[in-house]
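The structure appears right after this line, and notes come after that.
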Amino acid sequence: MRWLWGLGLALMLLVGNMGAAWATAVSELPATPPQWVLDQGEVFSPSTVNQVNRTLTQLNQDTGVQVRLVSLRRLDYGETATSFGEKLFQRWFPDGGAKQVLITLVARTATADLQAGAEVVPLLPPATALSITEETLLRPVRQNIYNQALVDTVQRLSLILRGEPDPGPPPEVVEPTAGNFATIEETRKQKDFSTAVVIVLLILATVIPMVTYYWYVLR
């Protein structure tokens with residue numbers, strides 16, 4: 001029975017460690033900002049990231065403004081997209097980042113945050129920033145349409161930061177296509193489940209013979 005209790009404890013620790021491994025802390029991200037998308041949550045396709053990187057490179061060349069977007073799978077307990085975004089902005093831009101924009105997207109909770117430097121804030125008042133995160137980015141994200149959400153968000157930001165009229169959020173969201181995040185998420189869940197099953201089976205394969213030996217031989 002002691003071995004069975006030990007097995008249960010080991011499984012509880014295993015599940016807890018797996019959950020912690022999925023969470024991301026600010027200290028785990030690169031010390032310097034990426035150019036321009038850091039897809040830590042693995043929610044965007046490589047082709048979409050390349051397309052967005054080209055758009056943001058051109059925006060930087062034309063205006064001097066730098067926009068970065070970080071996707072995360074989940075955060076540590078008690079952390080929010082806003083608190084994480086604030087800490088990351090301070091870490092990457094300790095001088096204040098006057099011409100910087102940082103968007104943080106947390107896939108697990110479908111939450112986001114937008115941080116902007118002093119020279120960008122006049123172009124992104126609170127109402128506009130909230131509309132970008134809630135309507136342009138998160139509305140499709142909540143339907144697992146990640147690639148379109150990224151493209152629309154960057155396109156809208158690019159127009160606003162060039163001083164052009166804000167086009168507002170897209171009137172409607174396109175249907176997800178094969179190979180979008182839904183399929184990636186399903187695959188990842190299956191992989192995580194399969195990994196957990198294999199670990200449990202290995203533990204059982206080790207513990208059961210020992211329990212049997214103690215029960216029949218040493219009792």
Rounded to the nearest 0.5 Å, what separation is found between the [atom1] atom of [X] and the [atom2] atom of [Y]?
X	Y	atom1	atom2	value
T136	Q155	OG1	CD	10.5 Å
Q148	T48	CD	OG1	8.5 Å
S27	D76	OG	CG	8.5 Å
R139	T133	CZ	OG1	12.0 Å
L105	Q40	CG	CD	12.5 Å
E79	L72	CD	CG	9.5 Å

Quiz item: Between F84 and T80, does a side-chain contact (heavy atoms from CB on, under 4.5 Å) hold up when you go through it step by step?
Solution: CA-CA 6 Å; F84 190 96; T80 66; over 6 Å; no

Quiz item: Are any of the side-chain nitrogens in E134 or R142 under 4.0 Å away from the carboxylate oxygens of its partner?
Solution: yes

Self-check item: Full working for side-chain contact (heavy atoms from CB on, under 4.5 Å) between L157 and L124
Solution: CA-CA 9 Å; L157 267 173; L124 291 173; 3.9 Å; yes

Side-chain donor/acceptor of [X] to backbone N/O of [Y], under 3.5 Å:
X	Y	answer
W92	P30	yes
R91	L29	yes
R73	E42	no
D152	P170	no
S71	G41	yes
N60	L56	no

Pair [X], [Y]: side-chain N/O donor-acceptor within cut-off below 3.5 Å:
X	Y	result
Q115	D113	yes
W36	T57	yes
R156	S131	yes

Nearest atoms (heavy-atom pairs only) where [X] meets [Y]:
X	Y	value
T104	G85	OG1-CA, 3.6 Å
V121	A116	CG2-O, 3.8 Å
Y146	F44	O-CE2, 3.4 Å
V43	A107	CG1-CB, 3.9 Å
P33	F93	CG-CE2, 3.9 Å
S45	N147	N-OD1, 2.9 Å

Practice problem: Could you go through the side-chain contact (heavy atoms from CB on, under 4.5 Å) check for I160 and T128 one step at a time? | Solution: CA-CA 10 Å; I160 294 173; T128 302; 3.8 Å; yes

Practice problem: For R162, check salt bridge (charged side-chain N to carboxylate O under 4.0 Å, His left out) against everything at least two apart and list the hits. | Solution: D62

Quiz item: Among L102, T24, D39, which residue meets the side chain to side chain contact (heavy atoms under 4.5 Å, CB included) test with V70?
Solution: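 With V70 as partner, L102, T24, D39 yield a single side chain to side chain contact (heavy atoms under 4.5 Å, CB included), made by L102.
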
Quiz item: Given side chains that start at C-beta, do those of L161 and V67 come closer than 4.5 Å, heavy atoms only?
Solution: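 They are in contact (side-chain heavy atoms under 4.5 Å apart), so the answer is yes.
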
Self-check item: Side chains of T109 and R74 in contact at under 4.5 Å (non-hydrogen atoms)
Solution: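 Side-chain contact under 4.5 Å: no.
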
Quiz item: Under the side-chain contact (heavy atoms from CB on, under 4.5 Å) criterion, do I103 and L137 qualify, and how do the steps go?
Solution: CA-CA 10 Å; I103 298 177; L137 179 61; 3.8 Å; yes

